Amino acid sequence: MSSTALLEAIVDGVLTGGVYALMAAGLTLIFGVMDIINIAQGVMVVLGAYLSYELSVHLGIGLLPGLLITVPVMFALGVAIEFCFMRRLREQDRTQMSILVTYAVAIVIEGILTAIFGVDYHQLQASYVNSSVHVFGFYLPYIYLIGFGLAVALLIGLYYTLYRTKFGRAVRASLQNRTAADLIGIDVNRVRTISVGIGVAVTAVGGMVFGATNAFNPNTGYDLISRLLAIVILGGMGSIGGAMAAAIFLLVINDVVAVAWSPTWAPLVYFAALVLILSLRPQGLFGRAAVRAQ
Amino acid sequence: VNDADRPARSDAVTMSPRRPAASVRALMIAVGVVVVAVFVVFPLAVTDPTATSIAVFTLAFMVATSAWNIFSGYSGYLALGHAVFFGCGGYAVALAARDWHVAGGWPVFALLPFGGLVAGLIAIPVGLIALRTRRHTFVVVTIAIFFIFQLAAFNLTFTGGTSGITLPFAPFSPANYNQPFYYVALIILVLTVIASWAVRRSRFGLQLLAIRDDEDRALGLGVRTRRVKLIAFTISAIPVGMVGGLYFYFVGQIYPQFGFDPLFDVSLALMGFLGGLGTLVGPLLGALVLEALQQYLTQSVSGNGTYLIAYGVLFLAVILVMPRGIVPGVSDWFERRRVKAAQSTAAEHDANVARSVAGAAR
């Protein structure tokens with residue numbers, strides 16, 4: 001294996017890892033504030049990709065301007081799902097129940113997508129998807145750079161919102177202790193609804209980049225959610241920084257193994273690394289020892 | 001008189017659900033016998049091959065859900081990787097039939113215990129690794145292990161890769177082709193239900209329930225939690241492996257996408273959950289309703305996503321209406337009625353006593 005190929009694998013891993021980090025950050029944010037594991041996150045990414053596809057093919061709105069429409073739509077979807085289903089789950093077995101409820105939501109979304117688009121694979125097209133830039137002796141499609149840039153910008157925005165604004169402080173307070181947050185006058189339900197909205201809205205961006213770099217059909221969501229879950233668990237549930245580190249770590253491993261050994265075995269190494277690390281450190285890389293009593 | 005019979009009465013109200021009255025028990029046994037009789041007679045009465053093939057699939061899922069419940073229902077650990085055992089059982093039977101040149105027909109059924117054994121042996125290392133973690137981490141580790149197995153089945157050579165393995169042709173008469181599969185599945189189901197019942201009633205079952213309620217306290221009270229969890233995990237894998245062998249023999253071939261199907265993982269959870277986790281009858285009922293419905297929907301409205309939508313909406317509705325599942329939901333309802341009835345008789349009794357006391361005083 002040449003050093004250029006290795007370098008290319010690492011750069012690819014970091015760039016795609018950034019996009020996965022964004023999608024996983026949404027998942028971990030929803031878990032952090034609500035103790036809810038959103039199994040539908042994967043199919044929502046696919047839904048975001050289909051929305052971008054519809055806008056670009058039928059309305060002629062480009063992928064990047066289309067985000068101005070798809071992001072609010074996905075935000076509204078998140079708010080609606082939180083309002084209709086998530087807040088109706090009882091506190092004591094919320095995490096386990098949420099897996100089932102959001103899975104049912106995923107099935108419904110998958111069914112709707114299948115009914116409208118069928119099971120054929122689609123891929124998003126744009127000028128910057130097919131052209132590439134020549135760096136370090138290999139070609140890098142512009143979309144990887146755009147996706148990584150968007151993801152980093154949004155993650156910084158998310159970080160800023162969480163750690164530098166009043167709303168962010170309310171989110172973190174509800175995350176640490178719901179009852180105490182309630183007592184000091186935070187409207188926990190509102191914080192939760194908006195957090196879920198944000199957590200789902202990032203899938204619009206993730207879906208656009210994912211759809212431009214991969215072929216997708218309504219079924220793709222399952223492969224995605226397993227990877228995203230691996231990332232957030234490895235990073236430690238509820239930790240956005242952990243999700244970023246884990247996403248880049250796992251995607252680099254994946255891409256390096258694909259180049260050095262074989263692309264078919266790469267996902268296996270990905271999951272094996274996860275199992276290995278979790279059996280040594282069950283709380284994940286950055287998780288607190290016990291996330292909270294359920 | 002009043003003070004002496006009051007505690008006894010409140011005892012009768014709170015203790016009775018644990019020890020059903022003789023009449024209730026007789027009724028339950030009668031219902032059980034009737035249900036078993038219906039299952040035995042079903043393929044003789046209904047000969048439509050579509051219906052009987054749905055019945056075979058449904059029985060297979062009843063076995064798998066019931067077995068899954070022995071671990072996940074009783075211990076509270078949500079395992080989403082039992083497709084590993086389903087697929088390994090299927091592959092074990094398919095490979096054994098191919099490499100040992102087993103003739104189609106009844107001899108293949110004799111390989112099913114081998115499928116169960118392989119699944120049980122695989123469950124030990126899988127359980128040792130996965131059970132180091134708890135709660136949602138456990139859920140994700142089981143999913144990850146599941147994907148490792150699926151990828152291995154895709155990429156290894158002895159599994160036949162993407163095209164998989166064809167099982168020997170079963171030379172049963174076309175008119176009654178489904179019957180042998182049905183009855184073998186029914187036998188496995190009866191054995192699984194007996195195992196589930198035995199676990200539930202044993203000291204071992206109580207230890208599992210203690211782990212579900214509070215694992216740290218159970219450990220503190222002397223339950224060897226790791227050993228108990230691992231044994232339950234292994235027990236729950238064996239019937240899933242056996243019925244996996246049967247399922248893929250019935251279908252005729254096994255390939256990775258189908259042998260290790262993520263939908264299978266979640267289906268077991270949905271079915272167990274719909275019926276009522278940790279109950280004996282709940283998972284059976286959940287699998288009976290959901291698998292039959294899903295098969296029916298797939299066969300009647302195929303092609304587009306309509307059946308997915310119907311399935312998802314139904315599932316959401318059930319969760320929101322009956323958050324604990326059918327069996328606990330229904331028994332809660334009966335319990336409320338009983339308590340209400342008991343309270344009204346108690347109030348009546350009190351009123352009578354008060355009246356007689358008042359009469360005596362006068």
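Keep in mind that this is a model prediction, so the values were computed, not measured.
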Residues Val252(A) and Gly13(A): closest non-hydrogen pair is CG2-C, 3.8 Å
Check your understanding: His122(A) vs Phe216(A) aromatic rings, parallel, tilted or perpendicular, using cut-offs 30° and 60°?
Key -> tilted
Okay, Ile37(A) and chain B: the region with an atom under 4.5 Å from a heavy atom over there is side chain
task = For the pair Asp332(B) and Arg336(B), find out whether any cationic side-chain nitrogen is under 4.0 Å from an anionic carboxylate oxygen.
result = no
Okay, Val266(B) and chain A: the region with an atom under 4.5 Å from a heavy atom over there is side chain
Aromatic centroids of Phe233(B) and Phe85(B) separated by under 6.0 Å: yes
**Asked** In terms of ring plane angle, is the pair Phe86(B) and Phe264(B) parallel, tilted or perpendicular, where the classes change at 30° and 60°?
**Response** parallel
When the 4.5 angstrom heavy-atom criterion is applied to Ile233(A) and chain B, the contacting part is side chain
If one checks every heavy atom of Leu274(A) against chain B at 4.5 Å, the contacting part turns out to be side chain
Looking only at Ile116(A), Leu229(A), Leu276(A), the option with the highest number of non-hydrogen pairs under 4.5 Å against chain B is Leu229(A)
Ranking Leu78(B), Leu270(B), Leu131(B), Leu128(B) by heavy-atom pairs under 4.5 Å to chain A gives rank one to Leu78(B)
If one checks every heavy atom of Ile143(B) against chain A at 4.5 Å, the contacting part turns out to be side chain
Any donor-acceptor pair under 3.5 Å linking the side-chain atoms of Thr193(A) with those of Glu82(A)?
yes
So, the part of Ile99(A) with a heavy atom under 4.5 Å from chain B: the answer is side chain
Aromatic ring pairing Tyr77(B)/Phe71(B), orientation class (parallel under 30°, perpendicular over 60°, tilted between):
tilted
So, the part of Leu80(B) with a heavy atom under 4.5 Å from chain A: the answer is side chain
Ranked by heavy-atom pairs below 4.5 Å to chain B, first place among Val232(A), Ile112(A), Leu100(A) goes to Leu100(A)
